Number of protein chains: 2
Amino acid sequence: MLRLSKLTDYAVVVLVRLAGMEGVQTSPGIAAATGIPEPTVAKVLKTLAAGDLVSSQRGAKGGYRLNRDLAAIPVSDVIAAVDGPIALTACVDGSASECESQGLCPMRGRWDPVNDAIQSALSRITLADMQVALLPAFRTPVAQVPFQSAAE
Amino acid sequence: MLRLSKLTDYAVVVLVRLAGMEGVQTSPGIAAATGIPEPTVAKVLKTLAAGDLVSSQRGAKGGYRLNRDLAAIPVSDVIAAVDGPIALTACVDGSASECESQGLCPMRGRWDPVNDAIQSALSRITLADMQVALLPAFRTPVAQVPFQSAAE
DNA sequence: GTTATCCGGACTACCACAGTCCTGATTGTT
DNA sequence: AACAATCAGGACTGTGGTAGTCCGGATAAC
Ligand code: FES
Ligand code: FES
């Protein structure tokens, strides 16, 4: 189904939310703002921090802060940070010891151009593009700052 | 990891093999030629037949035959036939009832352009492109293999 | 010192995928 | 007519990754 993980979806939500504020933001705060459960938000943030997409400030008054502008974060970076490197098949480049019959398999490295095409397409779309996609024409501030009171 | 299923990989192998012969080919024959286990090959063939990529001839002397030329089969068609429609997230278009909080989620339909970009990139690459990638002039798989771990 | 927050991992439940197999239906061969 | 070969369509199970939660420890402000 060529599906990416929900964590990546959450990551985009969190990053966009993170970009909307100036100072650092805490995990519970983002969780409350986005409606995503707090533990999951914390997990996503930690993953993003490991991927150098966000910076963390420990201790009281701590939180997370966006490292780069949304326009400088392609979707491929988020996917790579959360889901790992983009590898359509087991035999693209990194993991070459997956196929049982490598010597006779006619697919050796065949998917590389396909994989690269996807990577290229994903690199061209930044989070800023996804952000503006949700603002139709009128500025509906409610749309970008939703509250999750109905979430149950 | 944005990985597609191994069945899709097998499907490409099978389709390329199917294009190399003139008449119909049986499941065991393709299995023997490709090294893929027979039951798996049969499953892939049945899936491809359901997707109208191959035609089947039942009974003795039966087998499978390619419907369209390799150049007319984009990779996206194979993926769609085997793995189902390309849907990066649960909320692209077809399945709109996946998100628990659709009304407040700021990602509603956000992935659509990303999904479309991938679909477009995949539509531009045909099986013929992947085929020529592996046949330089002769079948010398060792030439383009940097290092073979020879795990098997 | 206390409190709030992040860090790093372990842990479990679940679901899609991978692979196999079985019972019919169809068709050519003997 | 009987037989053999092949596809059709499903059911079935094991495995692996994902989703989500949780805990003890480190860090820094108050
Ligand atoms: S599928 Fe990767 S080498 Fe065969
Ligand atoms: S993630 Fe799909 S609508 Fe929220």
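The structure presented is a predicted model; accordingly, all values stated were derived computationally and were not measured.
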Using the side-chain heavy atoms of [X], tell me which of these nucleotides is nearest: [options].
{"X": "B/Ser27", "options": "D/dC22, C/dT20, D/dC7", "answer": "D/dC7"}
{"X": "A/Lys43", "options": "D/dA19, C/dG19, D/dT6", "answer": "D/dA19"}
{"X": "B/Lys6", "options": "C/dG19, D/dT21, D/dA8", "answer": "C/dG19"}
{"X": "B/Ser56", "options": "D/dA8, C/dG9, D/dT21", "answer": "D/dA8"}

Under 3.5 Å, N/O pairs linking protein and nucleotides 27-29 of chain C:
from   : atom 1 : to      : atom 2 : distance (Å)
C/dT27 : O2     : B/Ala60 : N      : 3.1

How long is the line joining [atom1] of [X] and [atom2] of [N], in whole Å?
{"X": "B/Tyr64", "N": "D/dA5", "atom1": "OH", "atom2": "P", "answer": "17 Å"}
{"X": "B/Leu2", "N": "C/dC17", "atom1": "CG", "atom2": "P", "answer": "13 Å"}
{"X": "B/Leu45", "N": "C/dG19", "atom1": "CG", "atom2": "P", "answer": "15 Å"}
{"X": "A/Asp83", "N": "D/dT18", "atom1": "CG", "atom2": "P", "answer": "6 Å"}
{"X": "B/Arg65", "N": "D/dC7", "atom1": "CZ", "atom2": "C1'", "answer": "14 Å"}
{"X": "A/Gln25", "N": "C/dC6", "atom1": "CD", "atom2": "P", "answer": "11 Å"}
{"X": "A/Ile30", "N": "C/dT5", "atom1": "CD1", "atom2": "C1'", "answer": "12 Å"}
{"X": "A/Leu48", "N": "C/dC7", "atom1": "CG", "atom2": "C1'", "answer": "15 Å"}

Query raised in the report: 5'-most contact on DNA chain C: B/Leu4 or A/Ala50, nearest heavy atom basis?
Result: A/Ala50
Heavy-atom pair of closest approach, residues [X] and [Y]:
{"X": "A/Gln119", "Y": "A/Ser76", "answer": "NE2-CB, 4.1 Å"}
{"X": "B/Ile125", "Y": "A/Ala117", "answer": "CD1-CB, 3.9 Å"}
{"X": "A/Ile30", "Y": "A/Leu45", "answer": "CD1-CD2, 4.1 Å"}

Does [X] put a side-chain nitrogen or oxygen below 4.0 Å from OP1 or OP2 of [N]?
{"X": "B/Ser5", "N": "C/dA18", "answer": "yes"}
{"X": "B/Thr26", "N": "D/dA5", "answer": "no"}
{"X": "B/Tyr10", "N": "C/dG19", "answer": "yes"}

Report task. Would you check, one step at a time, whether the test side chain to side chain contact (heavy atoms under 4.5 Å, CB included) holds for B/Thr34 with B/Tyr10? Result -> CA-CA 9 Å; B/Thr34 56; B/Tyr10 293 156; over 6 Å; no
Requested in this report: Keeping the roles fixed (side chain from A/Asp83, backbone from A/Ser5), state whether a donor-acceptor pair exists under 3.5 Å.
Outcome: yes
Requested in this report: Would you confirm whether B/Asp129, through its side chain, and B/Thr126, through its main-chain N or O, come within 3.5 Å as a donor-acceptor pair?
Outcome: yes
Report summary line: By nearest-nucleotide position on DNA chain D, the 5'-leaning member of A/Leu7 and B/Ala49 is B/Ala49
Requested in this report: Show your reasoning for whether side chain to side chain contact (heavy atoms under 4.5 Å, CB included) applies to A/Tyr64 and A/Gln57.
Outcome: CA-CA 6 Å; A/Tyr64 290 94; A/Gln57 175 75 15; over 6 Å; no
